[in-house]
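Take a look at the structure below.
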Amino acid sequence: MFFLRIHSVDTNHPVSLEDAEFTTISAAKSPAAAAQSSPRFSERRGIAHLFRRRRGTSSSLPSHGAAESSLLFVVAVPNYLSFNDFIRFCESRLDHVAELVFIRNDAIEDRYSVVIRLMNELKADEFYGSFNGKKYSPGEAEVCHILFLTSVDYTDSAQIAGTPPEEKCTELPSCPVCLERLDADSSGIATTLCDHSFPCPCISKWTYLSCQVCRLCQQQDNNPACSVCGIMENPWVCVICGFVGCGRYNEGKHAVRHYEDTKHCYSLDLNSQQIWDYVGDAYVHRLNQSKIDGKLGTDVNSHCRALGGDCESCECSEDSGISGALYSSKVETIVDEYNQLLASQLETQRQVGFLPCT
């Protein structure tokens, strides 16, 4: 499951909607709460921090009819959709919504997030099934990604908001493109419509200039320098906050040290566009593109969508050579990592005089 912590000194403000039909449905959770209930549609300004329990603790992908929470989080809604437009988008399930809060970050102009509380867990599961993975608008790139939340906490402390609520939780990126670049086991997002190979047209739609990671990925001709030592060789960027550090095979190892200081465990190698998980000690980027034919395929970590997990009744049993291609890609990554380590150790030995210079 996911946890949401929002750094905000603001409070919920009622949203004035253009269409009266949206405001006629009662927001009360119960008769006792009706007198003091907050507005059904409200807005709050703050910075959202999304956390998830590490793999192996529990699944955040709900099985059919088995939701464990009535709280949902819409990761990102493009700003060209007004609040009214988003409510129209989910209008078919609006009767089941108890409360809907729009979360805006003043530093991010291109998107906002939404916290939705449904009447019960069953209604939350139905809402998820209706809108998760659905395009906000036909012909546009942006897709609605919905996650089940265990809890939502509001705090005026930036330190508390950035602290994991549980020991085995890690923070995820708030940028929808960066979140999609993580594999399904890390992000909780089963499938995507794009592998976000840079440059990518849908990235410009989502991020504009708000995501430091996406900006750096698109500027492939100009490698950024390490934020600490200034070295431009082998740059790594933190997927959570955008910090740029030198790699573990450089003397400073500032990307690793940034993880040790902040516990931001996901770092992207700008040269290879691959994401490393410092906690899991493995690459966790989503591999959607087959090196055999260049076509996009399903992530090997995606969860079966068939009822009861019966893969024989759905398309996920069709391999089409994708699994082999993805496995080969992982092997190539490990070989590259080993070669870098070997070259670094040989260079160190030469410098201390153990090996003669050639």
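- Rounding to the nearest 0.5 Å places OG of Ser8 at 4.5 Å from CZ of Arg44.
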Would you please test His264 and Tyr259 for ring pair (Phe, Tyr, Trp, His ring centres under 6.0 Å) and show each step? CA-CA 5 Å; His264 294 170; Tyr259 154 67; 9.3 Å; no
Taking it one step at a time, do Gln273 and His285 satisfy side chain to side chain donor-acceptor pair (under 3.5 Å)? CA-CA 8 Å; Gln273 302 290 301; His285 49 279; over 6 Å; no
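- Put simply, OG on Ser267 and CD1 on Ile275 are 9.0 Å apart, with the number rounded to the nearest 0.5 Å.
- Contact of the Phe243 side chain with the Val228 side chain is registered, since non-hydrogen atoms from C-beta on lie closer than 4.5 Å.
- Not one N or O on the side chain of Asp277 forms a donor-acceptor pair closer than 3.5 Å with the backbone of Val284.
- Arg93 and Glu126 are joined by a salt bridge, as a carboxylate oxygen and a charged side-chain nitrogen come within less than 4.0 angstrom of each other.
- Not less than 6.0 angstrom separates the ring centroid of Phe83 from the ring centroid of Phe41.
- Between Pro164 and Thr170, every side-chain heavy-atom pair lies at or beyond the 4.5 Å cut-off.
- Among residues two or more places apart in sequence or in another chain, the side-chain contact (heavy atoms from CB on, under 4.5 Å) test is passed with Ser151 by Phe3, Asp153.
- Salt bridge status for Glu166 with Arg53: present, with a side-chain N to carboxylate O gap under 4.0 Å.
- Among pairs with a residue in residues 224-234, none fulfils salt bridge (charged side-chain N to carboxylate O under 4.0 Å, His left out), at least two apart in sequence or across chains.
- Annotation: side-chain contact (heavy atoms from CB on, under 4.5 Å) contacts of Ile108 (sequence neighbours excluded): Asn105, Asp110, Arg111, Ser210.
- In this structure, the side chains of Glu180 and His145 come closer than 4.5 Å at one or more pairs of heavy atoms.
- The only option from Thr11, Asp10, Asp106 that meets the side-chain hydrogen bond (donor to acceptor under 3.5 Å, both in side chains) definition with Arg45 turns out to be Asp106.
- Side-chain contact check for Tyr266 versus Ser186: some heavy-atom pair is nearer than 4.5 Å.
- With a 4.5 Å cut-off on side-chain heavy atoms, Val114 and Val77 count as touching.
- Note on Glu43 versus Arg104: salt bridge recorded, some NZ/NE/NH1/NH2 to OD/OE distance being below 4.0 Å.
- You'll find the side chain of Val256 reaches within 4.5 Å of the side chain of Tyr278, heavy atoms only.
- Here Glu142 contributes atom CD and Leu81 contributes atom CG; the two are 8.5 Å apart, rounded to the nearest 0.5 Å.
- Figure legend: cation-pi geometry between Lys134 and Phe89, with NZ or CZ positioned under 6.0 Å from the six-membered ring centre and within 45° of its axis.
- Rounding to the nearest 0.5 Å places OG of Ser92 at 3.5 Å from CZ of Phe131.
- Taking the six-membered ring wherever Trp is involved, the centroid distance between the rings of Phe2 and Phe148 does not fall below 6.0 Å.
- Taking 4.5 Å as the limit, every side-chain heavy atom of Thr155 sits out of range of all side-chain heavy atoms of Ile6.
- Without hydrogens or angle criteria, Ser157 side chain to Ile160 main chain gives a donor-acceptor distance under 3.5 Å.
- Taking the side chain as every heavy atom from C-beta outward, Leu268 and Cys217 approach each other to under 4.5 Å.
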